[in-house]
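Notes to accompany the following structure.
Residue numbering restarts at 1 for every chain, and letters A, B, ... go by the order of the sequence lines. All values below were derived from every heavy atom in this structure, side-chain atoms included, with hydrogens, water molecules and symmetry-related copies excluded.
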Protein chains: 2
Amino acid sequence: MADDGALSSRPGAAKPRSRIQRRNRKKILEAALDVFSQHGFRGATLDQIAGRAGMSKPNMLYYFDSKEAIHVELLNALMSEWLAPLEALQDAEDPVAEIMGYVRSKMEMSRVMPRESRLFAGEILQGAPRMAPHLKAALKPLFDRKCALIRGWSESGRLAPVDAEHLLFTIWAVTQHYADFEAQVDVLMPEKEAAWRRACAHVEGLFMRLLTPAREAGEI
Amino acid sequence: MADDGALSSRPGAAKPRSRIQRRNRKKILEAALDVFSQHGFRGATLDQIAGRAGMSKPNMLYYFDSKEAIHVELLNALMSEWLAPLEALQDAEDPVAEIMGYVRSKMEMSRVMPRESRLFAGEILQGAPRMAPHLKAALKPLFDRKCALIRGWSESGRLAPVDAEHLLFTIWAVTQHYADFEAQVDVLMPEKEAAWRRACAHVEGLFMRLLTPAREAGEI
DNA sequence: CCGGTTTTTTACCATTTGGTAAAGTCACGA
DNA sequence: TCGTGACTTTACCAAATGGTAAAAAACCGG
């Protein structure tokens with residue numbers, strides 16, 4: 001279905017890319033991340049992206065076949081990076097610490113990569129029209145695997161009894177909120193610097209209380 | 001600032017509206033909620049909205065001056081409804097129960113009014129370009145008032161010590177997640193009916209643990 | 001420095017889209 | 001039933017936008 005291999009002479013086709021190609025493709029994707037994350041797919045214009053990438057629209061279309069191609073490439077390229085912390089979740093001696101590490105990673109990503117968070121959020125908000133297949137194919141299996149892992153922890157008593165699926169949902173919701181709703185947070189809490197430390201402390205406390213098994217709860 | 005009183009002969013100006021005006025304005029706003037919440041402001045087209053409202057584009061523009069006017073009217077009309085549960089938060093004998101009631105209200109709203117949730121989410125995601133003034137003017141004072149209330153509860157010991165501001169953020173994040181990220185939730189948890197009960201149970205448990213004062217924690 | 005290849009620019013184009021003008025059509029009270 | 005104002009339709013328009021063609025320029029191995 002992907003027209004990737006059809007035109008073997010087009011820049012987007014084969015692996016070997018010249019220095020200038022790599023540089024310009026990177027500039028375009030960087031600019032596209034800016035614009036798509038702020039305006040959504042339909043709200044973004046090629047002129048905007050090209051302008052921010054420092055080149056003309058036709059020149060940009062020399063590197064990518066279409067607006068949609070840029071968007072798809074961007075989402076695919078970011079997907080693995082975005083899911084890496086969840087991928088890294090694995091069996092360990094202390095499941096609480098393991099999950100808390102995941103929570104911290106996600107908070108850090110929210111602070112460092114807010115545009116990526118908003119890009120995904122916008123895509124999901126609109127019903128994931130261009131990402132639903134990818135979600136079913138890549139995210140769902142990963143999600144199921146990690147839920148099974150968490151369920152095992154709960155059943156072994158090393159983790160408080162929790163609903164694994166909804167635990168992940170709430171972790172995503174809370175951590176990504178600070179990136180996705182940044183505009184609102186900024187209005188309500190003007191002092192950003194201090195707010196971040198407080199946010200992390202609050203979020204860690206929230207999940208700490210949820211995850212710590214009831215017996216001997218004084219280990220913190 | 002609002003151009004409401006400028007053209008006194010236009011339908012959008014004065015209060016007294018005929019039966020047919022009220023009916024058509026309502027149909028337009030209902031259709032606009034559908035389309036704006038799914039595609040965002042720039043992604044929505046007047047033809048789409050008009051089509052879903054069962055009338056022609058020029059006819060629709062007889063009732064609203066512009067696309068932006070529809071969007072603004074929609075947001076303003078929904079704002080109070082959306083914030084009503086927070087507005088209702090007040091001093092009570094049992095602060096934990098009071099906040100848990102708020103959490104339940106928000107979960108219920110996420111289920112019953114997902115389009116409204118997504119409309120606001122999309123607006124905030126894009127930096128709240130058309131809502132920032134409203135947020136500063138209406139939401140900020142309300143938010144500050146309720147945070148003070150919660151802080152008072154915490155200081156009096158009837159509520160566990162919590163960061164009031166971030167408590168509200170996390171309540172919003174978690175509850176609205178089920179509406180805003182519905183597409184993702186659907187992919188990951190196909191059985192919707194059961195999922196909702198589990199979601200409510202999980203969310204209530206999460207905040208219950210956070211809010212209950214440490215001493216005599218067995219009251220649940 | 002030369003010839004072919006890659007990259008960039010200039011000049012376009014068709015469609016979509018928000019919005020308008022003006023000619024109807026309808027409702028309803030005198 | 002007739003006229004007046006409220007409502008609706010038809011026919012448009014200008015700007016924006018995704019995308020293309022082809023000429024021009026830059027690059028690069030030999």
Which donor-acceptor pairs under 3.5 Å do side chains of residues 26-34 of chain A form with protein atoms, sequence neighbours excluded?
residue: A:Glu30; atom: OE2; partner: A:Arg115; partner atom: NH1; Å: 2.9
residue: A:Asp34; atom: OD1; partner: A:Arg115; partner atom: NH1; Å: 2.5
residue: A:Asp34; atom: OD2; partner: A:Arg52; partner atom: NH1; Å: 2.9

Anything under 3.5 Å between a donor and an acceptor, one on a side chain of residues 126-136 of chain B, the other on a protein residue two or more places apart or in another chain? List them.
residue: B:Arg130; atom: NE; partner: B:His71; partner atom: ND1; Å: 3.4
residue: B:His134; atom: NE2; partner: B:Asn76; partner atom: OD1; Å: 3.3

Residue of the set A:Lys106, A:Arg111, A:Arg104 for which salt bridge (charged side-chain N to carboxylate O under 4.0 Å, His left out) holds with A:Glu108: A:Arg111
Write down the distance between CG (B:Asp65) and C1' (C:dT20), rounded to a whole number of angstrom. 12 Å
So does A:Asp163 get a backbone contact from the side chain of B:Arg198, meaning a donor-acceptor N/O pair under 3.5 Å? no
Using 30° and 60° as the class limits, which term best fits the ring planes of B:His177 and B:Phe181: parallel, tilted or perpendicular? parallel
Interatomic distance, B:Lys67 NZ vs C:dT20 C1' [rounded to whole Å]: 17 Å
Can you pull out the residues from residues 36-47 of chain A that lie within a 4.0 Å heavy-atom distance of DNA chain D? A:Ala44, A:Thr45, A:Leu46
Using ring centroids (six-membered ring only for Trp), state whether A:Phe207 and A:Tyr102 fall under 6.0 Å. no
Look at A:Gln21 and C:dT7 and indicate whether a side-chain polar atom (N or O) is within less than 4.0 Å of OP1 or OP2. yes
Residue pairs involving residues 67-85 of chain A (criterion salt bridge (Lys or Arg N to Asp or Glu O under 4.0 Å); sequence neighbours excluded): A:Arg25-A:Glu73
Can you pull every protein N or O that's under 3.5 Å from an N or O on nucleotides 8-13 of chain D?
residue: D:dT8; atom: OP2; partner: B:Asn24; partner atom: ND2; Å: 3.2
residue: D:dT8; atom: OP2; partner: B:Asn59; partner atom: OD1; Å: 3.2
residue: D:dT8; atom: OP2; partner: B:Asn59; partner atom: ND2; Å: 3.4
residue: D:dT8; atom: OP2; partner: B:Tyr63; partner atom: OH; Å: 2.6
residue: D:dT8; atom: O5'; partner: B:Asn59; partner atom: ND2; Å: 3.3

Tell me: CD of A:Gln48 to C1' of D:dG18, nearest whole Å? 14 Å
So, the side chain of A:His166 versus the backbone of B:His202: is there a donor-acceptor pair under 3.5 Å, distance only? no
Distances under 3.5 Å between nitrogen or oxygen atoms of protein and nucleotides 22-30 of chain C:
none

Please work out which of the three classes, parallel, tilted or perpendicular, describes the rings of B:Tyr178 and A:Phe169, given edges at 30° and 60°. perpendicular
Could you tell me whether B:Glu165 and B:Lys146 make a salt bridge, using a distance below 4.0 angstrom between a side-chain N and a carboxylate O? no
